[in-house]
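Shown next, in structure tokens, is the structure this report addresses.
Just so we're clear, the structure is a prediction, and the values are computed from it rather than from any experiment. Letters go in sequence order (proteins before strands), and every chain restarts at 1.
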Amino acid sequence: MKMRQRITNKYTQSGLALLGSAALITLVPTAAMAQDAAAAKMATAADVTEIKYVLNTLLFLIGGFLVMWMAAGFAMLEAGMVRSKNVSMQCTKNIALYAIAGLMFWVVGYNVMYEGVDPNGFFGSFSPKSIPDPAKDTGSYSAASDWFFQMVFCATTASIVSGTVAERVKIWPFLIFVAVLTGIIYPITGSWKWGAGWLQTAGFQDFAGSTLVHSVGGWCALTGAIIIGARYGKFGPNGEVRAIPGSNMTLVTLGTFILWLGWFGFNGGSQLAMGSIADVSSVSRIFMNTNLAAAAGVMAAMFLNQMLYGKVDLTFALNGALAGLVAITAEPLTPSPIEAIMIGAVGGLIVVFFVPLIDNLKIDDVVGAIPVHLISGVFGTMVVPLTNPAANFVTQAMGVGAIAVFSIVASTIVWLLLKYTIGLRPTQEEEMMGLDKAEIGLEAYPEFQK
Amino acid sequence: MKMRQRITNKYTQSGLALLGSAALITLVPTAAMAQDAAAAKMATAADVTEIKYVLNTLLFLIGGFLVMWMAAGFAMLEAGMVRSKNVSMQCTKNIALYAIAGLMFWVVGYNVMYEGVDPNGFFGSFSPKSIPDPAKDTGSYSAASDWFFQMVFCATTASIVSGTVAERVKIWPFLIFVAVLTGIIYPITGSWKWGAGWLQTAGFQDFAGSTLVHSVGGWCALTGAIIIGARYGKFGPNGEVRAIPGSNMTLVTLGTFILWLGWFGFNGGSQLAMGSIADVSSVSRIFMNTNLAAAAGVMAAMFLNQMLYGKVDLTFALNGALAGLVAITAEPLTPSPIEAIMIGAVGGLIVVFFVPLIDNLKIDDVVGAIPVHLISGVFGTMVVPLTNPAANFVTQAMGVGAIAVFSIVASTIVWLLLKYTIGLRPTQEEEMMGLDKAEIGLEAYPEFQK
Amino acid sequence: MKMRQRITNKYTQSGLALLGSAALITLVPTAAMAQDAAAAKMATAADVTEIKYVLNTLLFLIGGFLVMWMAAGFAMLEAGMVRSKNVSMQCTKNIALYAIAGLMFWVVGYNVMYEGVDPNGFFGSFSPKSIPDPAKDTGSYSAASDWFFQMVFCATTASIVSGTVAERVKIWPFLIFVAVLTGIIYPITGSWKWGAGWLQTAGFQDFAGSTLVHSVGGWCALTGAIIIGARYGKFGPNGEVRAIPGSNMTLVTLGTFILWLGWFGFNGGSQLAMGSIADVSSVSRIFMNTNLAAAAGVMAAMFLNQMLYGKVDLTFALNGALAGLVAITAEPLTPSPIEAIMIGAVGGLIVVFFVPLIDNLKIDDVVGAIPVHLISGVFGTMVVPLTNPAANFVTQAMGVGAIAVFSIVASTIVWLLLKYTIGLRPTQEEEMMGLDKAEIGLEAYPEFQK
């Protein structure tokens with residue numbers, strides 16, 4: 001009784017707020033029908049439309065909060081992979097990048113990506129415009145739920161960058177890069193496909209973002225790692241590679257489990273609808289394929305690791321899961337389960353082969369994001385035609401290449417601008433001391449640190 | 001085939017258990033209608049009612065488990081903010097307070113808050129009564145889902161207290177306080193608004209509990225901090241404030257991310273229904289505004305922190321997120337996105353200004369809960385009239401003030417009763433040794449502690 | 001506009017993929033009906049069927065991702081309960097066992113458990129067969145969502161084993177055991193009840209798996225602990241029990257909260273449907289009872305611990321929660337709230353009584369999984385007849401006993417085969433050094449470890 005009263009208030013309130021949009025699609029029974037007693041007890045097609053709207057919106061909300069949770073996963077993974085003297089910094093960067101992505105994708109990103117993109121176009125609107133637009137609460141889902149879901153993908157892209165360039169970039173320059181990435185770079189390439197721009201017109205396929213999210217993040221991470229340079233001590237005077245162990249493997253493990261969980265929202269939510277048997281069955285199949293690919297990534301990485309090195313490095317197993325997840329993300333629906341397993345397994349193998357290779361190229365990738373997100377993302381995108389007849393290799397290669405060129409050029413410009421203006425790196429003394437003391441003023445583990 | 005058989009069993013089982021309530025609302029087609037072949041293939045209005053019941057209940061369940069997860073967030077945040085010698089104690093308190101809240105809100109709390117509250121009344125029924133009442137599985141949602149959703153809010157209130165008074169209160173007195181808080185204090189003030197008592201009648205607005213949850217927890221924390229006193233060593237002999245660094249910043253970060261995630265359930269679930277376009281669109285807008293406010297809280301706290309101190313203290317960034325979340329909680333629906341950003345940003349500024357101020361008042365608030373939950377909660381409640389025409393400043397102030405007076409008086413009585421009977425504080429030796437050894441008998445990090 | 005285009009693509013894609021199954025059950029209005037203008041605006045019974053299909057599937061997906069998250073909970077709990085020299089190993093085992101369960105349950109497990117089990121039968125099909133079978137996307141839910149939900153239960157069983165035998169088993173033998181457990185042992189006993197085999201026919205009741213999941217894991221853990229033997233140093237030369245403190249209590253606390261959260265999916269999802277008022281109300285009641293039982297488990301364990309030992313050991317409080325959860329799992333629906341509290345409380349008492357008892361039996365159970373999952377699981381199964389008239393003590397005992405015998409015999413055979421072929425234990429030197437260095441090549445906390 002009490003609660004109902006509370007609900008009544010809320011109904012009224014929301015009814016007022018949403019009246020315009022709701023009125024657009026709610027077909028109420030006509031007066032003639034209402035007079036028909038039998039019909040009055042029947043459900044209308046508008047009822048079904050409304051319920052499907054609820055279900056589609058719910059998919060965005062659930063998928064969205066699961067992907068939001070991935071921001072915590074990246075934070076934990078990265079905090080565990082850096083040395084303890086840089087852990088507070090890494091945590092600060094991660095909470096801030098998620099905040100900035102959320103703000104920038106509202107200020108400008110969403111409209112650049114989705115508003116008024118020409119079918120042959122390269123970006124949408126840079127002019128501020130009402131988000132969420134109540135006029136879009138029509139048809140299939142709530143505009144705000146769509147914004148939320150797309151925003152967390154944008155944030156994921158930024159998370160990928162922060163891991164690679166950890167331990168040697170100052171906080172504010174990094175956060176300025178994040179603002180440009182989440183407000184402009186990611187939305188522009190995103191508009192080409194998901195905004196229905198030229199790559200969508202060309203037939204490029206990328207279901208949940210192996211290329212649009214993971215490779216964009218990966219390219220920006222790669223240019224950053226090169227322009228910023230390696231951590232002091234990572235490569236010896238004769239060029240030898242030195243291992244710099246991460247400080248906390250349970251955090252890396254926790255982060256990976258969080259990412260695995262969040263990925264069900266990432267891939268499953270990208271079905272974009274669940275109001276029908278076909279859609280929810282697709283979401284289910286995506287859950288299954290996503291899990292199979294990740295599992296195969298773990299085991300493939302572990303087997304190869306054991307064969308090559310006689311040990312089972314935990315970070316390879318964890319990155320194997322992530323690489324399997326990235327690989328299946330370009331197309332988690334059309335593969336059969338065995339195909340999903342094979343795609344994920346290749347992701348796991350990529351990790352074991354490419355982590356040392358990146359090292360040998362003298363690129364300092366603290367968390368292994370380049371093999372996991374970039375190389376596995378490109379691989380996943382390129383094998384879409386094997387399972388989805390709507391894709392072809394030429395268009396896939398064109399999409400991967402075009403997004404690579406734009407991401408590399410744009411991110412290089414931004415990194416270099418930052419480098420030659422406010423500067424990217426702390427001083428050598430600050431880096432040696434650790435960024436927690438230098439910039440954050442707070443140690444992560446004050447009672448334990450050496 | 002097998003699974004269907006399993007489902008059939010469950011259907012039967014649940015059908016038996018819920019027969020009474022289900023029968024109350026399921027309008028089956030009449031015999032005459034059934035004879036009509038066409039009508040037999042049509043859906044009834046009762047079908048739609050049933051599906052909306054499912055969707056509303058589902059919102060309570062999803063919102064509920066997200067808010068339940070906040071208990072883990074508080075546990076991690078607090079475990080990271082205390083010194084390692086008190087970490088097992090803080091974990092014990094947090095698992096126990098969530099358990100106690102769950103029990104007390106069933107034994108007495110729910111009925112005090114929701115059962116038979118007079119429109120001019122100050123509390124409901126103290127007599128034990130069947131919860132969930134199957135007779136209430138009617139209309140809009142399941143009674144048990146409502147209980148679950150309301151219970152986790154009650155637990156949140158207790159979590160707020162435990163952080164502030166950490167490191168210097170004995171476990172059992174603290175848990176007795178929690179039992180009174182979750183069984184009586186919180187339900188009484190809750191009944192005034194959400195139980196449809198006198199504040200609801202007066203027009204007080206508090207959508208998801210900036211005042212009902214966060215300020216009540218904050219007031220109880222404040223009286224506790226004053227009555228228990230500061231930790232030994234927090235304030236020097238000449239009254240100088242001494243920083244006592246928390247032992248584990250990754251836990252604080254993890255806890256904050258957990259709370260941010262859970263807050264989508266906290267605010268979104270407080271729409272209390274999602275069976276219609278209007279409701280689910282409101283939930284979506286709440287998700288968006290909640291995220292924008294938290295993001296703005298982070299960035300405002302970071303900017304101000306950088307300007308004032310030349311560093312970016314991680315704990316300020318994290319508490320900025322939480323303060324932004326608390327501020328938007330009083331009204332997450334009616335603000336436009338830019339208003340949500342401004343409300344959250346003020347929350348972030350509150351943290352940076354009030355954390356040192358509380359210190360200077362010689363109040364020892366271990367986690368910063370008083371600025372985050374109390375001050376930001378009051379702020380959020382007072383600005384509701386700016387965006388929601390159903391609210392006015394006088395009534396908001398009256399609600400904030402009345403709940404303040406009751407919470408302060410009631411909690412003071414309980415704290416003092418405990419202090420002068422079984423005692424609140426451990427001995428100075430025990431406090432120096434750490435509560436883990438003194439009361440728990442188990443160190444949190446036995447291999448690492450100094 | 002753009003988003004709609006993206007959705008259109010997805011609709012088409014999924015429409016193609018699922019056309020067969022969808023066509024089987026979508027009853028479109030007949031032509032004659034379509035000609036009727038009024039009827040064209042009405043909803044059909046097929047619409048309702050479709051929406052219920054969506055809702056049932058959604059329960060599997062939400063329940064499934066919550067239970068998947070429990071794998072992270074076990075990983076954290078176990079990583080915190082072992083010494084720091086074995087933490088990377090424990091994390092590796094946990095990510096790998098979840099991966100292996102996901103693969104094995106697809107390769108063979110699911111069909112053994114659910115495909116063609118005779119009503120008097122003891123297992124299903126060992127021949128590989130299409131999973132998910134699109135022909136089963138009919139009626140009530142998506143086949144892939146069902147597979148996903150059942151798979152995570154299988155993985156839980158393996159997680160239980162890994163905790164007990166931690167710190168002294170080599171990784172690959174352990175993972176081979178997991179493969180057999182998740183591919184064969186668990187599916188066989190599972191088929192007896194949930195696969196609709198002989199125990200289902202006999203009337204055995206086990207709603208969410210106190211016996212099928214938790215006791216099976218517990219028996220395999222027990223045989224493993226006995227066959228592998230205790231850790232060096234656990235029992236002194238005169239048989240005295242030595243405490244070996246876990247290295248990180250915040251991880252144990254986090255793991256427990258994760259498990260508690262996941263259990264809402266474990267028990268709630270086991271309703272297997274939520275498309276009706278009866279079903280979703282049952283799910284809600286299950287949430288409530290599950291939470292009450294866990295809360296009672298915490299408090300019962302704490303009270304008894306305080307009375308017996310004068311302290312409140314955190315691990316007893318946490319294991320009390322888990323034991324309460326395990327106890328209610330056999331029947332979380334039919335108990336009244338007070339019954340749920342009592343059942344959970346007994347679980348908590350079991351922990352306090354049986355943890356020392358297991359020690360005194362010279363069985364080295366690192367995390368307390370045998371009291372929590374095995375003894376509390378058997379207890380929960382045996383008290384089902386007290387609240388569910390469909391159960392009786394004889395059949396419950398028969399089920400518990402039969403599954404015990406099979407689990408003990410099968411797991412003993414596998415453990416012994418491994419012991420006498422590739423060997424189960426590392427050398428004493430390796431065990432002393434820690435498995436992280438010996439087998440993983442990576443320390444968990446390289447900057448902190450002694």
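- A distance of 6.0 Å or more separates the ring centres of B:Y141 and B:Y53.
- Of the listed residues (C:T315, C:N248, C:V298), the greatest number of heavy-atom pairs within a distance under 4.5 Å of chain B belongs to C:N248.
- With chain C as partner, the option from B:G64, B:A101, B:S88, B:A79 having the largest number of non-hydrogen pairs under 4.5 angstrom is B:S88.
- There is no contact between B:L66 and chain C, counting heavy-atom distances below 4.5 Å.
- A donor-acceptor pair shorter than 3.5 Å can be found between the side chains of C:T290 and C:N267.
- Between chain B and the options C:L59, C:N289, C:I338, C:I286, the largest number of non-hydrogen pairs under 4.5 Å is found for C:I338.
- B:L442 touches chain C through its side chain: at least one heavy atom from C-beta onward sits under 4.5 Å away, while N, CA, C and O do not.
- Of the listed residues B:T57, B:L175, B:I95, the one with more heavy-atom pairs under 4.5 angstrom with chain C than any other is B:I95.
- Residue contact with chain C, scored on non-hydrogen atoms closer than 4.5 Å, involves the backbone and the side chain of B:F65 alike.
- Counting only N and O atoms by type, the side chains of C:Y114 and C:D146 include no donor and acceptor under 3.5 Å apart.
- In this structure, C:F303 has its ring center under 6.0 Å from that of B:W172.
- Heavy-atom distances place both the backbone and the side chain of B:A96 under 4.5 Å from chain C.
- Only the side chain of C:I51 has a heavy atom closer than 4.5 Å to any heavy atom of chain B.
- For a residue to count as touching a neighbouring chain, one of its non-hydrogen atoms must lie under 4.5 Å from one of that chain's; by this rule B:M151 touches chain C with the side chain only.
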With a 3.5 Å cut-off and sequence neighbours excluded, list the donor-acceptor pairs that the side chains of residues 253-261 of chain C form with protein atoms.
{"unit_1": "C:T253", "atom_1": "OG1", "unit_2": "C:M249", "atom_2": "O", "d": "2.9"}
{"unit_1": "C:T256", "atom_1": "OG1", "unit_2": "C:V252", "atom_2": "O", "d": "2.9"}
{"unit_1": "C:W260", "atom_1": "NE1", "unit_2": "C:N291", "atom_2": "OD1", "d": "3.0"}

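- Using a cut-off of 4.0 Å between Lys/Arg side-chain N and Asp/Glu carboxylate O, B:K85 and B:E430 are scored as not salt-bridged.
- For B:K437, the side-chain contact (heavy atoms from CB on, under 4.5 Å) test picks out B:M433, B:E443, with sequence neighbours left out.
- Interface residue B:L251: only side-chain heavy atoms are found under 4.5 Å from chain C.
- Interface summary for chain B: among C:M302, C:M299, C:K311, C:K52, the most heavy-atom pairs under 4.5 angstrom belong to C:K311.
- Ranked by non-hydrogen atom pairs under 4.5 Å with chain B, the options C:G297, C:A317, C:S247 are led by C:S247.
- Interface residue B:A71: backbone and side-chain heavy atoms are both found under 4.5 Å from chain C.
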Audit row: C:F207, C:V384, side chain to side chain contact (heavy atoms under 4.5 Å, CB included) steps and yes/no: CA-CA 9 Å; C:F207 193 94; C:V384 173; over 6 Å; no

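- Remark: side-chain polar atoms of C:N388 are not paired, donor with acceptor, to backbone N or O of C:T334 under 3.5 angstrom.
- For B:D47 and B:T44, the side-chain atoms include at least one donor-acceptor pair closer than 3.5 Å.
- Neither the backbone nor the side chain of C:W263 comes within less than 4.5 Å of any heavy atom of chain B.
- In this structure, the portion of B:I171 lying under 4.5 Å from any heavy atom of chain C is its side chain and not its backbone.
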